[in-house]
Chemist: 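Can you keep this structure in mind? I'll have questions shortly.
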Amino acid sequence: MSLCSEISLHSVPLWNRGFYNGDDQDSVLLYPELIFSPLNKSLAIKSFDSSNVVSVGEYKVKASLASTLQSIFDKYGDITSDSKLQSLATRTYHLETLAEVVLELQSTPLLRLSESRAREVLAIVKDIEIAKIRVSWLRSVLEEVVEATRFIHRRDEVAIEKEACDEDLLLAKQDMELSLNKLADKEKELREFRERLMKTTGKLGSLEMKKSCLDKRLVFLRSKVEKFQGQSVFMDIL
């Protein structure tokens, strides 16, 4: 006979017998304070096939959970040593629940863990902690996980926004580079134009000076020659 199937009405405290159904010999409520906790809608201990049970210390647990529970004990010691739970069956239930939580977290990528599920698992661990089972090492991690699940979708949204911003920034830099190249070409053209203008201005000044000199020489030469035009050179001599 298994550990859980040995529980009878005589082992149920007086404060709990109101929850006991004599017609259901396989279900006994042992911890009414957690009736409405996320651990279970009714925290009941069921009889099970002992062939699927192995021992981890003093606890007989499901074979599928034994390795995980043993790893917890190896790393954190007997986490139930301070527990107020008198019933070995109840402590066993809590430990199996804890092992199931650890297995779920180990097998679930963060992207697939919803915020609501993370909060539910955290609530389960807090309920286990109420029973003075030392699980602060897991609660602290779960609190970070809950925060991560709250921000993970926002992180993805910001990543998409950043990607679009990076593309816009690249296009803006390319446009700026093109504008600067055009400005450099314009400045080069402006420098060349100024150089041509200075040369033209210098040439114009030289030509104006030359024209002025030629005008003066022409006036002088005309004054010497034109008074004799159309007349005999010696007409006025006699």
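Fair warning: this is a prediction, and the values are worked out from it, not measured in the lab.
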Chemist: Please report the interatomic distance CG(Leu190) to CG(Asp185), rounded to the nearest 0.5 Å.
Modeler: 12.5 Å
Chemist: Are there more than 12 heavy atoms of other residues, nucleotides or ligands under 6.0 Å from atom CD of Glu192?
Modeler: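 Yes, enclosed.
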Chemist: So does Glu143 pair up with Arg139, basic N to acidic O under 4.0 Å?
Modeler: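 Looking at Glu143 and Arg139, the cut-off is met.
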Chemist: Side chain to side chain contact (heavy atoms under 4.5 Å, CB included) between Val158 and Arg154: does it pass, once the steps are laid out?
Modeler: CA-CA 6 Å; Val158 172; Arg154 181 56 184 157; 3.6 Å; yes
Chemist: Enter the distance from Leu183:CG to Ser179:OG here, rounded to the nearest 0.5 Å.
Modeler: 8.5 Å
Chemist: Looking at side-chain heavy atoms only, is the closest gap between Leu138 and Ile128 below 4.5 Å?
Modeler: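 With C-beta onward as the side chain, the pair stays apart.
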Chemist: Would you mind checking if Glu129 and Lys126 are paired as a salt bridge, meaning a charged N to carboxylate O distance below 4.0 Å?
Modeler: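 Here Lys126 does not pair with Glu129 in a salt bridge, since their nearest N and O are not under 4.0 Å apart.
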Chemist: Where do Leu85 and Ala131 come nearest, in terms of heavy atoms and distance?
Modeler: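 The pair with the smallest heavy-atom distance is CD1-CB, 3.7 Å.
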Chemist: For Leu142, which of Ile124, Val135, Leu122 qualifies under side chain to side chain contact (heavy atoms under 4.5 Å, CB included)?
Modeler: Leu122
Chemist: Decide whether Tyr59 and Thr80 meet the rule of one side-chain donor and one side-chain acceptor closer than 3.5 Å.
Modeler: yes
Chemist: Please determine whether residues Leu103 and Phe73 belong to a single hydrophobic cluster, defined as Ile, Leu, Val, Met, Phe, Trp and Tyr linked transitively by side-chain heavy-atom distances below 4.5 Å.
Modeler: no
Chemist: Out of curiosity, does Leu69 fall in the hydrophobic cluster containing Val101 (side-chain heavy atoms, cut-off under 4.5 Å, transitive links)?
Modeler: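 Yes, one cluster joins them.
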Chemist: Would you compute the distance between atom CD of Glu58 and atom CG of Leu88 and round it to the nearest 0.5 angstrom?
Modeler: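 That separation rounds to 5.0 Å.
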Chemist: Does atom CD of Glu163 have more than 12 heavy-atom neighbours, drawn from other residues, nucleotides or ligands, at distances under 6.0 Å?
Modeler: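 At most 12 heavy atoms, drawn from other residues, nucleotides or ligands, come within 6.0 Å of this atom.
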Chemist: Report yes if some heavy atom in the side chain of Lys173 is under 4.5 Å from a heavy atom in the side chain of Leu169; otherwise report no.
Modeler: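 SC-SC contact between Lys173 and Leu169 confirmed.
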Chemist: Can you tell me how the ring of Tyr76 sits relative to the ring of Trp137, calling it parallel under 30°, perpendicular over 60° and tilted otherwise?
Modeler: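 Ring orientation of Tyr76 relative to Trp137: parallel.
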Chemist: Let me confirm one number: the NZ-CG distance from Lys210 to Asp215, rounded to the nearest 0.5 Å.
Modeler: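 Lys210 NZ to Asp215 CG: 12.5 Å, rounded to 0.5 Å.
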Chemist: Could you grab the distance from atom CG of Leu65 to atom CG of Leu95, nearest 0.5 Å is fine?
Modeler: 10.5 Å
Chemist: Which atom pair, heavy atoms only, marks the closest approach of Val145 to Ala118?
Modeler: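 In this case the closest contact between Val145 and Ala118 is CG1-CB, 4.3 Å.
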Chemist: Does the pair Leu111 and Ile152 meet the rule for a side chain to side chain contact (heavy atoms under 4.5 Å, CB included), with working shown?
Modeler: CA-CA 8 Å; Leu111 287 173; Ile152 190 168; 3.2 Å; yes
Chemist: Can you name the closest pair of heavy atoms from Val61 and Ala66 and give their distance?
Modeler: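 Nearest pair, atom of Val61 first, then Ala66: CG2-CA, 4.0 Å.
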Chemist: With distance as the sole test, does Ser107 use its side chain to make a donor-acceptor pair with the main-chain N or O of Glu104 at under 3.5 Å?
Modeler: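 Yes: the side chain of Ser107 pairs with the backbone of Glu104.
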Chemist: State, without any angle test, whether Asp74 and Gln70 hold a side-chain donor-acceptor pair at a distance under 3.5 Å.
Modeler: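 Their side chains do contain a donor-acceptor pair, which is all the 3.5 Å distance test asks for.
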Chemist: Charged N to carboxylate O below 4.0 Å: is that the case for Arg191 and Glu195?
Modeler: no
Chemist: First locate atom CD1 of Ile160, then atom SG of Cys165, and finally report the distance between them rounded to the nearest 0.5 Å.
Modeler: 14.0 Å
Chemist: Please name the pair of heavy atoms, one in Ala99 and one in Thr68, separated by the smallest distance, quoted to 0.1 Å.
Modeler: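 In this case the closest contact between Ala99 and Thr68 is O-CG2, 3.9 Å.
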Chemist: Does a donor on one side chain and an acceptor on the other come within less than 3.5 Å for Ser83 and Arg134?
Modeler: no
Chemist: So, do Arg119 and Arg150 sit near enough that their side-chain heavy atoms are less than 4.5 Å apart?
Modeler: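 In short, these two side chains touch, coming nearer than 4.5 Å.
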Chemist: His94 and Leu98: side chain to side chain contact (heavy atoms under 4.5 Å, CB included), yes or no, with the steps?
Modeler: CA-CA 6 Å; His94 281 68; Leu98 177 64; over 6 Å; no
Chemist: Verify the cluster assignment for Val102 and Val141: are they in a single hydrophobic cluster under the rule of side-chain heavy atoms below 4.5 Å apart?
Modeler: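 Yes, it is one cluster - the side chains of Val102 and Val141 are joined through contacts under 4.5 Å.
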Chemist: Kindly determine whether Ile133 and Asp82 satisfy side chain to side chain contact (heavy atoms under 4.5 Å, CB included), including the steps that lead there.
Modeler: CA-CA 7 Å; Ile133 296 176; Asp82 298 329; over 6 Å; no
Chemist: If you look at every heavy atom in Lys60 and Glu96, which pair is closest and at what distance?
Modeler: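 Shortest heavy-atom separation between Lys60 and Glu96 comes out as O-OE2, 4.4 Å.
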Chemist: Are there more than 12 heavy atoms of other residues, nucleotides or ligands under 6.0 Å from atom CD of Glu177?
Modeler: no
Chemist: Verify salt bridge (Lys or Arg N to Asp or Glu O under 4.0 Å) between Glu208 and Lys211, making sure each step is shown before the conclusion.
Modeler: CA-CA 5 Å; Glu208 287 179 344; Lys211 177 181 178 298; over 6 Å; no
